Amino acid sequence: MSSQPELWQILRSAKLVEGDEPRDNEPHWANRFMLGVVGWLAALFLLFFLFLSVGDLIDSPDHALALGATLLAMALLLNRSARSGDLWDQFVLALTLAADAWLLYGLIDRMDVHAFGAWAGLSALAFAIAFCFEHWLIRLFHTLAAALLLTLALACLSLQILALPLVMALLCACWLWAQRRPHQHERFEAMAFGLALSLILLGRLHQPLFDETSVLEELGQSRLPHWLNPLLCAALLLALLHHLKLPRRQGLFALPLVLLAALIPGMGAGALVLLLGFYAGSLGMMTLAALLLLGFGSLYYYDLALPLMTKSWLLLGSGTALLLMRALLLRLGRHS
């Protein structure tokens, strides 16, 4: 495999490009993660400062909502200004997160937790913030929050079974739109990563550990059967395979993923993220897919009402099957 400079030289010799190789000025994902952590800390300090300064004046939910809306408007104006830089972006992130906290503080006493409209409105607001701000981390955080709020809204209608397939469909739409609209790639890529991260948390909401009561079940008992969730995920995964138009051999090897998605709840989410990451060559998306597959597989293994010896044989058989599949793929790769 040729390196990027070698590929650029090949393209120049073929007279397909001109000039020097373009430089990638985008920060590494680890730098973005650390910036996000710093942004949360800055937001906490800002909240503490505002509480000490105007805490006595904010004595009602209306005042808290007004302060939150003011901070959000200031953050949007600063974000849309011509200035840029890490420090400036961190200030905008801290303002936005502080605005979210004040808005939540103002709404928490007003809203009915069993009302669909309240959670749906908050989800729409989070999606709108993610779309309007030109900030990668703000888009990611608010899309993640919007997906979780949408799940709570569906739970109020006793339709929480549809949450995972719906978020997966939104993820497909954002990721494919980002790949086909270069001028909007950064916006929809960040939103797609936020939706992919929400899938990990959705699995925790759907399948609580240690016999805990599910948050979604507390909002409303599901009207739909639980087996419908993996079937819808598998159908969405099959539709994605048809849309991507993968080569015949790769498509055949992806069919076991569809079967796995139909049998094990949540595995369809991991398989879908894996296909999207592989299709776009995104290491970050494939890493999230590995976490999803490992997490949902572990939850399924924990829920199996089987003796430990039977589970051990299942793990041994699964590992052997995966090793044989790897050897077969390597063999076919050499021949192709």
Side-chain angles (χ1 to χ4, degrees), residues 61-62 64-73 75-76 96-133 135 137-177 187-188 190-208 213-226 228-229 232-233 235-236 265-266 268-269 272:
D62 292 335
L65 288 174
L67 179 59
T70 302
L71 292 176
L72 188 62
L76 183 59
T96 307
L97 295 178
D100 292 339
W102 282 108
L103 288 174
L104 185 62
Y105 173 72
L107 290 171
I108 198 167
D109 292 332
R110 286 172 167 266
M111 61 182 292
D112 180 9
V113 294
H114 294 280
F116 166 78
W119 296 113
L122 288 176
S123 177
L125 176 62
F127 269 123
I129 293 173
F131 190 83
C132 292
F133 275 81
H135 194 291
L137 287 170
I138 291 178
R139 290 168 180 161
L140 185 142
F141 289 148
H142 285 81
T143 308
L144 168 65
L148 298 178
L149 292 169
L150 179 61
T151 303
L152 296 177
L154 290 174
C156 293
L157 299 178
S158 300
L159 298 175
Q160 55 263 42
I161 296 299
L162 302 179
L164 193 64
L166 182 57
V167 173
M168 289 170 59
L170 291 173
L171 170 60
C172 287
C174 283
W175 191 254
L176 295 177
W177 188 272
R187 169 182 285 121
F188 287 99
M191 295 175 70
F193 270 99
L195 291 170
L197 282 172
S198 72
L199 293 175
I200 300 177
L201 299 178
L202 285 182
R204 180 67 177 83
L205 290 177
H206 278 289
Q207 295 177 274
T213 303
S214 172
V215 176
L216 302 182
E217 296 296 333
E218 289 181 355
L219 293 176
Q221 294 294 325
S222 177
R223 302 179 188 175
L224 303 175
H226 289 279
L228 185 61
N229 183 293
L232 289 175
C233 293
L236 184 60
L272 181 135

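Only a predicted model underlies this, so the values are computations on that prediction, with no experimental measurement involved. For this chain, numbers begin at 1 and follow the sequence in order.
Rounding to the nearest 0.5 Å places CG of Leu71 at 11.0 Å from CG of Leu97. Rounding to the nearest 0.5 Å gives a distance of 11.5 Å between CG of Leu171 and CG of Leu166. How far CG of Leu144 is from CG of Leu199: 10.0 Å, rounded to the nearest 0.5 Å. The CG atom of Leu65 sits 11.0 Å away from the CH2 atom of Trp102 when rounded to the nearest 0.5 Å. Going from atom CZ of Arg223 over to atom CD1 of Ile161 covers 13.0 Å, rounded to the nearest 0.5 Å. With values rounded to the nearest 0.5 angstrom, Leu164 atom CG is found 8.0 Å from Thr151 atom OG1.
For Ala146 against Ala126, the heavy-atom pair with the smallest separation is CB-CB, 3.6 Å. Annotation for Ala153 and Phe116: closest pair O-CD1, 3.1 Å, computed over non-hydrogen atoms. When every heavy atom of Ala169 is checked against every heavy atom of Leu236, the shortest pair comes out as N-CD2, 3.5 Å. Closest of all the heavy-atom pairs between Pro165 and Leu232 is CG-CB, 3.7 Å. When all heavy atoms of Met111 and Ala118 are compared, the pair lying nearest together is CE-CB, 3.7 Å. Between Gly268 and Met168, the shortest heavy-atom distance links the atoms O-CE, 3.6 Å.
With a 4.5 Å cut-off on side-chain heavy atoms, Asp100 and Ile129 count as touching. With contacts defined as side-chain heavy-atom distances shorter than 4.5 Å, the pair Trp175/Phe193 qualifies. Between Leu170 and Leu150, some side-chain heavy-atom pair lies under the 4.5 Å cut-off. Counting heavy atoms from C-beta outward, Thr96 and His142 have side chains that approach closer than 4.5 Å.
Relative to the six-membered ring of Phe131, Arg187 meets both conditions, a distance below 6.0 Å and an angle of at most 45° to the axis.
Heavy-atom neighbours of Ile108 CD1 from other residues, nucleotides or ligands within 6.0 Å: at or below the threshold of 12.
A distance-only check finds no donor-acceptor pair linking the side chain of Ser123 to the backbone of Trp119 [under 3.5 Å]. In this structure a side-chain-to-backbone donor-acceptor pair under 3.5 Å is present from Ser198 to Leu195. Listed for the Arg139 side chain is a donor-acceptor partner under 3.5 Å among the backbone atoms of Phe133.
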